[in-house]
**Student:** 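Take this structure, written in structure tokens, and hold onto it; I'll ask about it next.
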Protein chains: 2
Amino acid sequence: MIETKNKILDTAERLFGENGYDATSLRQIIAAAGVNLAAIHYHFGSKEELLDELVLRKAQPVNQLRIALLDKVLAEAGSGRPPLERVLDAFLGPMSDAADQNPQFVRVMGRLHAEGLLPSIVQRHFQPLFHRLQAAIQRALPDLPEQELLWRMHFMFGAMAHTMCGTPDSTGILKGGVAFHERIERLIAFLSGGFRAPLPKSVAVEIEVG
Amino acid sequence: MIETKNKILDTAERLFGENGYDATSLRQIIAAAGVNLAAIHYHFGSKEELLDELVLRKAQPVNQLRIALLDKVLAEAGSGRPPLERVLDAFLGPMSDAADQNPQFVRVMGRLHAEGLLPSIVQRHFQPLFHRLQAAIQRALPDLPEQELLWRMHFMFGAMAHTMCGTPDSTGILKGGVAFHERIERLIAFLSGGFRAPLPKSVAVEIEVG
DNA sequence: GTCTATACTGAGATAGAC
DNA sequence: GTCTATCTCAGTATAGAC
């Protein structure tokens, strides 16, 4: 029954978002969904593949939108430089919209990134998007050396993942309940400053010399 | 025997660093350390308390150095503004040094942050440091509203954690093996730009109005 | 005080009956 | 397609040897 499969997906999405992937057992999921334990392994094969399908189901439309927006920003720039803020917004905005509509999913994604079991899943579902994003930022900042660009994208992913996660207050200072689009607006301002920052001294020297 | 306890700590540190906390079972640890399973619960009480003691053992000296350096930077600035880069270096430098000497520990910390089971441990071991750091950055950037400062520190922690983690190549682009002090130098340049960035539009408007 | 042996509960996975 | 029964391995708890 396809209904069984969807019930499992919906329930897992809710529970993963509430308690995290590791902390949610398959037995909790089947109890809440009212299905049998073996049904999960029949439909998905394993807990990890269930997660994989869950991510795919929700991330694909968001990522398609991101790619479309990135292409639009590049097209509008013609042969000139696209504004960095607009590039970052094309990447971060769709996630923020999806999050404000359905906080559950983004919390799942944030939690997953926070749990570190992403690598394989990130690789499969986000690789093409990352390459487009890299190209777009490079167009916005043509003078930034590629190595430095990659590091700065790396910093961006860290900040983004940490920000998506429902708990911006590991320090206990910030209160929760801030709308995602506000977080993202702050994040874009921060990241823009970071991407535009002067090169670190030793890297700048290497370039002068080499 | 205190030797048993240290053997457990050393072995756990290595295995947590290599494979992560969740992925490392107590049975792996005792096998590699050549001790009995119950010894862990005798000396530590639980897997989580073992982790807690492990973090404390290594983080405490690093954090004390960080606090001392922050105080030094502030003292040298007198009543003026301390340079932001020096504040960030006082915070990130000691970790980078510790990492270049003993990559294992910082990989553990990065992995832990990446696994998201930090909250309680972060709270206990890092809270006082965070408050000092906040005060120092505020002194360096007195015009930055506090709410915005807290968000930007939040972004910083995300980028930092992601950077410490041994796998800077979740995108598959960056190669590993980059010295920590180089990563940190790049990170400081990026963060400095982020902290100095102009306020996001809606936040800036709120301030004008209010 | 330290450590060993062993048992308990709950996790994910699987084989096979229906 | 679905469910029962069972397997292995996890973290944890305890009784008792030295």
Side-chain angles (χ1 to χ4, degrees), chain A residues 1-57 108 111-112 114-121 124, chain B residues 1-57 108 111-122 124:
Chain A
M1 191 73 124
I2 195 147
E3 204 197 330
T4 303
K5 193 171 172 177
N6 281 332
K7 254 196 295 192
I8 294 173
L9 280 171
D10 292 337
T11 309
E13 185 172 322
R14 181 169 60 80
L15 293 178
F16 286 167
E18 287 171 7
N19 309 319
Y21 173 80
D22 278 326
T24 304
S25 74
L26 295 183
R27 284 167 173 85
Q28 282 176 272
I29 297 172
I30 60 134
V35 302
N36 185 273
L37 176 58
I40 291 186
H41 290 96
Y42 174 75
H43 284 289
F44 303 97
S46 70
K47 188 182 180 183
E48 197 171 322
E49 286 170 284
L50 162 61
L51 174 64
D52 194 79
E53 191 150 337
L54 198 155
V55 169
L56 181 65
R57 186 175 72 149
V108 175
R111 281 219 176 247
L112 289 184
E115 284 179 82
L117 36 92
L118 249 338
S120 63
I121 290 182
R124 259 212 299 299
Chain B
M1 191 74 123
I2 194 148
E3 204 199 329
T4 302
K5 194 170 171 175
N6 281 331
K7 251 194 298 191
I8 294 172
L9 281 170
D10 292 338
T11 309
E13 186 172 318
R14 181 170 60 79
L15 292 178
F16 287 167
E18 287 171 7
N19 309 319
Y21 173 80
D22 278 326
T24 304
S25 74
L26 295 183
R27 285 166 173 87
Q28 283 176 269
I29 297 172
I30 58 133
V35 301
N36 185 273
L37 177 58
I40 290 186
H41 290 94
Y42 173 76
H43 286 288
F44 303 99
S46 70
K47 188 182 181 184
E48 197 171 325
E49 287 169 283
L50 162 61
L51 174 64
D52 195 81
E53 192 150 334
L54 196 155
V55 170
L56 181 65
R57 184 175 74 147
V108 175
R111 281 221 175 242
L112 288 183
H113 199 115
E115 283 179 84
L117 36 92
L118 248 340
S120 62
I121 290 182
V122 162
R124 261 209 299 299

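Values below: all heavy atoms of this structure, side chains included; hydrogens, waters and symmetry mates excluded. Letters go in sequence order (proteins before strands), and every chain restarts at 1.
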**Student:** Suppose we call a contact any N or O donor and acceptor under 3.5 Å apart; does that hold for the side chain of A:R27 and the base of C:dG10?
**Tutor:**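 For A:R27, whose side chain was compared with the base of C:dG10, there is no donor-acceptor pair (under 3.5 Å).
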**Student:** Find the distance A:F44:CZ to C:dG12:C1' and express it as a whole number of Å.
**Tutor:**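 The distance from CZ of A:F44 to C1' of C:dG12 comes to 15 Å, rounded to the nearest Å.
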**Student:** Within less than 4.0 Å of OP1 or OP2 of D:dT4, is there a side-chain N or O belonging to A:N36?
**Tutor:** yes
**Student:** Scan A:A39 against the nucleic acid and name what it touches under 4.0 Å (heavy atoms): base, sugar-phosphate only, or nothing.
**Tutor:**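 No contact at all - A:A39 keeps every heavy atom at 4.0 Å or more from the nucleic acid.
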**Student:** Among C:dC3, D:dG11, C:dA11, which nucleotide has an atom closest to any side-chain atom of B:K47?
**Tutor:** D:dG11
**Student:** Can you see if the side chain of A:H41 gets near the phosphate of C:dT14 - specifically, an N or O under 4.0 Å from OP1 or OP2?
**Tutor:** no
**Student:** Take the protein atom CD1 of A:I2 and the nucleotide atom C1' of D:dT2, then report the distance between them rounded to whole Å.
**Tutor:** 16 Å
**Student:** Strictly below 4.0 Å: does A:T4 bring a side-chain N or O up to OP1 or OP2 of D:dT2?
**Tutor:** yes
**Student:** For B:H43 and D:dT12, what is the distance between atoms NE2 and C1' respectively, to the nearest whole Å?
**Tutor:**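 In whole Å, D:dT12 C1' and B:H43 NE2 are 17 Å from each other.
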**Student:** Heavy atoms only: give me the nearest B:Q28-B:A23 pair and the separation to one decimal.
**Tutor:**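 Nearest heavy atoms, B:Q28 then B:A23: OE1-O, 3.3 Å.
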**Student:** Would you kindly check if the NZ (Lys) or CZ (Arg) of B:K5 is within the cone defined by 45 degrees around the ring axis of B:Y42 and under 6.0 Å from the six-membered ring centre?
**Tutor:** no
**Student:** Testing the basics here: between A:E13 and A:V108, what is the closest heavy-atom pair and its distance to 0.1 Å?
**Tutor:**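 Shortest heavy-atom contact: O-CG2, 3.4 Å.
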**Student:** Over how many whole Å does the gap from B:L51 atom CG to D:dG11 atom P extend?
**Tutor:**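 Going from CG in B:L51 over to P in D:dG11 covers 13 Å.
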**Student:** Atom CG of A:L37 and atom P of C:dG10: how far apart are they, to the nearest Å?
**Tutor:** 15 Å
**Student:** For residues B:K47 and B:T24, report the shortest heavy-atom separation together with the two atoms involved.
**Tutor:**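 Minimum heavy-atom contact is NZ-O, 2.7 Å.
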**Student:** Quick check for you: among D:dG11, C:dA13, C:dG1, whose closest atom lies nearest to any side-chain atom of B:L26?
**Tutor:** D:dG11
**Student:** Taking CG from A:D22 and P from C:dA11, how many angstroms apart are they, rounded to a whole number?
**Tutor:** 13 Å
**Student:** To the nearest 0.5 Å, how far apart are CD1 in B:I29 and CD1 in B:I40?
**Tutor:**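 Here the interatomic distance stands at 5.0 Å.
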**Student:** Name the residue closer to the 5' end of DNA chain D, choosing between B:S25 and A:Y42 according to the nucleotide with the nearest heavy atom.
**Tutor:** A:Y42
**Student:** Which whole-number value in Å describes the distance from A:I29 CD1 to C:dA13 C1'?
**Tutor:**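 Distance, rounded to whole Å: 14 Å.
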**Student:** Whole angstrom is fine here: how far is it from CD1 in A:I40 over to P in C:dA11?
**Tutor:**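 One finds 12 Å between P of C:dA11 and CD1 of A:I40, rounded.
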